[in-house]
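Structure record follows, encoded as structure tokens.
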Amino acid sequence: MKTTIILTTTTFLLLLVGLQFALGDNDGEKRFGNTFKRSPDVASVNNQAYINECGSCHMAYPPGLLPKRSWKKLMNGLEDHFEDNAELEADVETEISQYLFNNSADNSDYRRSRKIMRTLAFDETPLRITEIAYIRREHNKIPTAMIKHNNKVVSLSNCTACHQNADKGSFSERDISIPGYAGWED
Ligand code: HEC
Ligand code: HEC
């Protein structure tokens, strides 16, 4: 009787460990510890120069949301960046470019990055994440009152207003709350 209990407990623990391995496939982050982390949609933002320089006017967008060719085009036009000047010192610009290129959607295994690459035409070079058809489609049911006419959001480009863990790469429905509209349901 005792042996059966011990055996059952052992099997259960082994299953738990196996489950953590199985779910942790494309995350790249350590998942052993007390907390069980959910796998994010894109890689989290983890370059300090990028966060400092490109996160001062808007969130430092996760690099896995655009292909390398888009980051290249953006980094080559920083003096006229959506009517702002976002020019950088040459060495900082090189570091940030490298980070963005190495972690771009076409260099990432995360599921939203792969999805973005699958839905973009090969000759499409969007300068905005919000211009990607797949991203637009995911948001097309949200009324304008909740975005444009909501002074806590204003623009779809303001991801962090609704996706609280966007910087950690999570766009999961469990991490969404639209300011002023509790409990958004599809
Ligand atoms: C001086 C302010 C400023 C800085 C610094 C800045 N940006 Fe921007 N960025 C803007 C503005 C303004 C927009 C347009 C936002 C809008 O339309 O709501 C924008 C938009 C973007 C978008 C498109 C967002 C969308 O709609 O999908 C990307 C990508 C982007 N910036 C990347 C960068 C990168 C990379 C850097 C650093 C090299 C950077 N930005 C630094 C002001 C800035
Ligand atoms: C006004 C709030 C709001 C803003 C701003 C916003 N989103 Fe969303 N997003 C949502 C909601 C709500 C959904 C879920 C839509 C549904 O369930 O129909 C969603 C869904 C998504 C999804 C699909 C997630 C899934 O599990 O299918 C992705 C990816 C995403 N958003 C990325 C972004 C990015 C990137 C930005 C910024 C460039 C952004 N969102 C800005 C509210 C927002």
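Because the structure is predicted, anything quoted here is derived from the model rather than measured. If you read the sequence from its start, that first residue is 1, and numbering goes on from there.
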>> Using every non-hydrogen atom in the two residues, find where His58 and His81 come nearest and quote the distance to one decimal.
In response: NE2-NE2, 4.0 Å
> Closest approach of Val153 and Met146, non-hydrogen atoms and distance?
Replying inline: CG2-O, 3.7 Å
> Going from SG on Cys159 to CZ on Phe171, what distance comes out if it is rounded to the nearest 0.5 angstrom?
Replying inline: 5.5 Å
>> In the structure I gave you, are the side-chain heavy atoms of Arg137 and Asn140 within less than 4.5 Å of one another anywhere?
In response: yes
>> Between Ser157 and Arg128, is there a side-chain heavy-atom distance shorter than 4.5 Å?
In response: yes
> Hey, what do you get for CG (Asp80) to CD (Glu87), rounding to the nearest 0.5 Å?
Replying inline: 10.0 Å
>> With a 4.5 Å cut-off on side-chain heavy-atom distances among I, L, V, M, F, W and Y, is there a chain of contacts connecting Met59 to Leu78?
In response: yes
>> Please determine whether side chain to side chain donor-acceptor pair (under 3.5 Å) holds for the pair Tyr134 and Arg112, giving the CA-CA distance in whole Å, both sets of side-chain angles, and the decisive distance to 0.1 Å.
In response: CA-CA 10 Å; Tyr134 159 62; Arg112 297 291 163 209; 2.9 Å; yes
> Shared ILVMFWY cluster between Tyr110 and Ile135, side chains joined below 4.5 angstrom?
Replying inline: no
> Within the distance-only criterion (no hydrogens, no angle test), does the side chain of Arg111 pair as donor or acceptor with the backbone N or O of Val42 below 3.5 angstrom?
Replying inline: no
>> If we ignore hydrogens and angles and just use 3.5 Å, is the side chain of Ser70 paired with the main-chain N or O of Pro126 as donor and acceptor?
In response: yes
>> Once rounded to the nearest 0.5 Å, what's the spacing between atom OH of Tyr61 and atom CG of Leu66?
In response: 10.0 Å
> Within a reach of under 6.0 Å around CD of Glu79, are more than 12 heavy atoms found that belong to other residues, nucleotides or ligands?
Replying inline: yes
>> Minimum heavy-atom separation for Asn158 and Lys152, please, with both atom names.
In response: ND2-O, 3.9 Å
> Do the side chains of Ile178 and Asn150 get nearer than 4.5 Å, heavy atoms only?
Replying inline: yes
> Does the side chain of Met117 come within less than 4.5 Å of Pro67's, by heavy atoms?
Replying inline: yes
> Side chains of Leu88 and Met75: closer than 4.5 Å at any heavy-atom pair?
Replying inline: yes
>> Minimum heavy-atom separation for Pro62 and Trp71, please, with both atom names.
In response: O-CZ2, 4.0 Å
> What distance separates Ile132 CD1 from Ile116 CD1, expressed to the nearest 0.5 Å?
Replying inline: 4.5 Å
> Can you tell if the side chain of Asn47 reaches within under 4.5 Å of the side chain of Glu95, non-hydrogen atoms only?
Replying inline: yes
>> A side-chain contact here means heavy atoms from C-beta on lying under 4.5 Å apart; do Val154 and Ile147 qualify?
In response: no
> How close do Val45 and Pro63 get, heavy atom to heavy atom, and via which atoms?
Replying inline: CG2-CD, 4.5 Å
>> Tell me whether Glu124 contacts the main-chain N or O of Ala121 through its side chain, where contact means a donor paired with an acceptor under 3.5 Å.
In response: yes
> OG1/Thr125 to NZ/Lys68 distance, rounded to the nearest 0.5 angstrom?
Replying inline: 13.0 Å
>> One pair to check against side-chain contact (heavy atoms from CB on, under 4.5 Å): Leu65 and Ser113. What are the steps and the verdict?
In response: CA-CA 6 Å; Leu65 291 171; Ser113 298; over 6 Å; no
> Can you tell me how far OG of Ser44 sits from CG of Asn165, rounded to the nearest 0.5 angstrom?
Replying inline: 10.5 Å
> Would you find a donor on one side and an acceptor on the other, under 3.5 Å apart, between the side chain of Ser170 and the backbone of Ala166?
Replying inline: no
>> Would you say Asp106 and Ser104 are linked by a side-chain donor-acceptor pair, where the criterion is simply a distance under 3.5 Å?
In response: yes
> With under 30° as parallel and over 60° as perpendicular, where do the rings of Tyr50 and Tyr99 fit, or are they tilted in between?
Replying inline: tilted
>> Do Leu156 and Leu120 sit in one hydrophobic cluster, given that two such residues count as connected whenever their side-chain heavy atoms are within less than 4.5 Å of each other, even indirectly?
In response: no
>> So Ser177 and Cys162, do their side chains get closer than 4.5 Å, heavy atoms only?
In response: no
